[in-house]
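A short write-up of the structure that comes next.
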Amino acid sequence: MTRAAHETRREDCSIIALDKFIQATRDSGYKGTASAISELVDNSIQAGATRIALSVEAKASDDEEKAIEISVLDNGCGMDPTTLRQALRFGGSTRFGDRRGLGRYGMGLPNASLSQARRVTIYTWQPGATNGKSRAPRGRLVSPCVHSSYLDVDEIVRGEMVEVPAPEIVKAPSSSCTGNSGTLVCWSQCDRLDNRRVSTIVRKLEVELGRRFRHFIWKGLHITVNGDTLEAFDPLYLNPEAEISGAQLFGEEMRFEVRADPVDSRKTGWVRVRFTELPVHAWHKLSNEEKRRIGLSKGAGVSIVRGGREVDYGWFFMGSKHRENYDDWWRCEIQFDPILDEAFGITHTKQQARPQAHLMEALTPDLEATARALSGRARKAHMAVKASDRFSEAERIANERDHLLRPLPRSADPTAKALMRELAASHPELRERADEKDRYSIIEHAVKDTSFFTLAHDGDRLVLVLNPDHPFYREIYKPLSEGEAPRDPQLRAKLELLLLAAARSEAATRGKVPALAKHRLDWSNTLAAFLNDK
């Protein structure tokens, strides 16, 4: 066999058809531009960077599709030439299989880069060496010794590149290559970005990266996108340092010890779960546009976090519970130990979770039950909001005209004061209005007796409490409150004012409260008897 034939046979039998592999791998693995860039941010974090600068720029080009260039600059530890060359190999890694950081397989940098661009170039520098100069002119910084290498899809496809080029020293490095150490990754000929407008790409990056790396940002990592500081976005709306917050923790943190392998009891890891409840009464009046902007509308889901970095967001561990509108008003975060990567089905791209059966069995019952409870609470909160909105006209009139009446006594009946405390505990809208000057409120609340209405009074505020279990409520008030006739809101407001007047008169009496309460109960029972069809 001739040497040429031997070489041809060796090439035909290679494990990878390099040109086809490169073209095929561009289509696999990444959901979009933000996911691919996240891989570069992961590398920067693992290199110890405290500052990361992303740049998205439109360049003059005959080919509009490839006119955008993206770069990621960090102040991490940089790489020596050998490490740089390995970093550009598919599977090349000095940390292969290491679960202590964000990467394990050495696929991130080349795979992510070529999924979006036809060429990736890396510039990197480390402490100590300078660019061939022992001394710089006074007032000028010494340029670091910057090494560079690259991958180019077109060169690979043409057979011109069969291995990663040996890193070369850059004679005139970019002004960005400053500081003691760092790395600059540049994507050019970007032909597979999600969008062709710089502003759209930047906006999506801010949302996605702000959420995925929120825990690192809160710990001090500084990320910029085109010069603007990236704000952390907390999908739980809990952290006061996030752009939007105001939710409350629901219950205590859940902890589960789970096997990494279902048949091996020796290897286990911990899963920590938090639920939050969003403030329905404070946020329900936001416009639909504002709800979309803050991620509230159609944002229900579970954030899965590995090593402080979000790897997926979706409808996980919910069992048979289907997603509904009320689920927009709670959130969940699951943090797990990296030893459980296989249990969570984490891929090398770190952007998707596929929980295994034994993990689903361990987590789903408790998480589904909590989600159903929170959905039910959101439903009740919205019903209370709707009721509160219905009462607003009557409350407004009563508050405006209160000055025409004799002031109520400052010392309220003990029973009325106790009811006020009970209502404040179960009706957030009363707590939220505690500091307002309005004295009158109306709510729906099941009472302990058969009265159609009762009152709560603490010396400052008066609350009219309507009993939804009374026949008058079901037969008269509820149809009137839900009616669509033009006069229905006016009639309902007048009926509410009539009941407010009765409640106020009762609160104004001194020493006759028990007798009036008995009279109100008798009146309510008589009214129920007259309305009862049975």
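Salt bridge R293/E243: present, at least one basic N to carboxylate O contact under 4.0 Å. With respect to the salt-bridge test (charged N to carboxylate O, under 4.0 angstrom), the residues D42 and R309 qualify. Remark: K321 engages D327 in a salt bridge, criterion side-chain N to carboxylate O under 4.0 Å. Between E57 and K59 there is a salt bridge, since a side-chain N of the basic residue sits under 4.0 Å from a carboxylate O of the acidic one. Classification of R410 and D460 as a salt-bridged pair holds, one side-chain N sitting under 4.0 Å from a carboxylate O. Between E206 and R203 there is no salt bridge, since no side-chain N of the basic residue sits under 4.0 Å from a carboxylate O of the acidic one. Ion pair R272/D337 flagged as a salt bridge, since at least one NZ, NE, NH1 or NH2 atom sits closer than 4.0 Å to an Asp/Glu carboxylate oxygen.
Atom CG of residue L408 and atom CZ of residue R461 lie 13.5 Å apart, to the nearest 0.5 angstrom. With rounding to the nearest 0.5 Å, the separation of OG1 in T509 from CG in L516 is 4.5 Å. Note: E475 CD to L531 CG = 7.0 Å, rounded to the nearest 0.5 Å. Between the CD atom of E277 and the CG atom of L238 there is a distance of 12.0 Å, given to the nearest 0.5 Å. The distance from atom OG1 of T276 to atom CZ of F250, rounded to the nearest 0.5 Å, is 11.0 Å. For the atom pair NZ (K380) and OG (S375), the distance works out to 11.5 Å, reported to the nearest 0.5 Å.
Atom CG of N325 sits in a sparse spot, with 12 or fewer heavy atoms from other residues, nucleotides or ligands closer than 6.0 Å. Within 6.0 Å of CD in E257 there are more than 12 heavy atoms belonging to other residues, nucleotides or ligands. Atom CD of E422 has more than 12 heavy atoms from other residues, nucleotides or ligands within 6.0 Å. With a 6.0 Å radius and a threshold of 12 heavy atoms from other residues, nucleotides or ligands, R401 has its CZ atom at or below the threshold. Few gaps surround CZ on R255; more than 12 heavy atoms of other groups in view lie less than 6.0 Å from it.
Formation of a donor-acceptor pair under 3.5 Å by the K291 side chain with backbone atoms of H284 is found in this model. Between the N195 side chain and the R197 main chain, no donor and acceptor come within less than 3.5 Å of each other. A side-chain donor-acceptor contact under 3.5 Å links Y237 to the backbone of I294. With hydrogens and angles ignored, the 3.5 Å screen pairs no side-chain donor or acceptor of D234 with any backbone N or O of A242. Distance alone, capped at 3.5 Å, places no donor-acceptor pair between the S524 side chain and the S451 backbone. Side chain of E395 to backbone of I442: a donor-acceptor contact under 3.5 angstrom is found. Counting only distance, with no hydrogens or angles, the side chain of D458 and the backbone of K417 share no donor-acceptor pair below 3.5 Å. Between the T450 side chain and the N525 main chain, no donor and acceptor come within less than 3.5 Å of each other.
Considering all non-hydrogen atoms of both residues, W330 and G301 come closest at CZ3-O, 4.4 Å. Contact record, V202 with V56: CG2-CB, 4.1 Å, taken as the closest heavy-atom pair. Closest approach of L278 to D328, counting heavy atoms only: CD2-O, 3.6 Å. Nearest heavy atom pair, residue A394 against residue E496, reads CB-OE1, 3.3 Å. Of all non-hydrogen atoms in A117 and S188, the two that sit nearest each other are CB-O, 3.3 Å. Here the closest non-hydrogen pair linking A503 and L455 is O-CD1, 3.7 Å.
When side chains are defined from C-beta on, T370 does not count as touching V273, because their heavy atoms never get closer than 4.5 Å. In this structure, I201 and D194 have side chains that are not in contact, with every pair of non-hydrogen atoms separated by 4.5 Å or more. Within the 4.5 Å cutoff, the side chain of R214 has heavy atoms near those of the V305 side chain. Side-chain contact between L367 and F316 is absent, with no heavy atoms from C-beta onward closer than 4.5 Å. Looking at L462 and L464, their side chains never come closer than 4.5 Å, going by heavy atoms from C-beta outward. Put simply, the side chain of F344 reaches to within 4.5 Å of the side chain of F336, judged on heavy atoms. The shortest distance between side-chain heavy atoms of L40 and S113 falls below 4.5 Å. Side-chain contact between R504 and Y440 is present, with at least one heavy-atom pair separated by less than 4.5 Å.
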Could you walk me through whether Y477 and L499 pass the side chain to side chain contact (heavy atoms under 4.5 Å, CB included) test, one step at a time? CA-CA 12 Å; Y477 182 80; L499 297 172; 5.7 Å; no
Worked check of side chain to side chain contact (heavy atoms under 4.5 Å, CB included) between F275 and R331: CA-CA 6 Å; F275 281 89; R331 294 293 188 273; over 6 Å; no
List the steps and the verdict of side chain to side chain contact (heavy atoms under 4.5 Å, CB included) for H445 and T454. CA-CA 10 Å; H445 185 83; T454 187; over 6 Å; no
Show, in sequence, the C-alpha distance, side-chain angles and deciding distance for F216 and I52, and conclude whether the side chain to side chain contact (heavy atoms under 4.5 Å, CB included) test is met. CA-CA 12 Å; F216 289 99; I52 303 172; over 6 Å; no
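D74 and S44 form a side-chain donor-acceptor contact under 3.5 Å, judged by distance and modelled atom types alone. Checking R212 against S35 by side-chain atom types alone, a donor-acceptor pair falls below 3.5 Å. Checked by atom type, the side-chain pair N75/T50 shows a donor-acceptor distance below 3.5 Å.
Below 30°, between 30° and 60°, or above 60°: for W329 and H382 the angle between ring planes is above 60°, a perpendicular geometry.
Under the 6.0 Å distance and 45° angle rule, R211 counts as a cation-pi partner of Y313.
Listed by chain and number, the residues in a side-chain contact (heavy atoms from CB on, under 4.5 Å) with A456 are L419, M420, L423, V463 (sequence neighbours excluded).
Within the structure, every pair that satisfies the salt bridge (Lys or Arg N to Asp or Glu O under 4.0 Å) test and touches residues 354-370, not counting sequence neighbours, is listed here: E368-R372.
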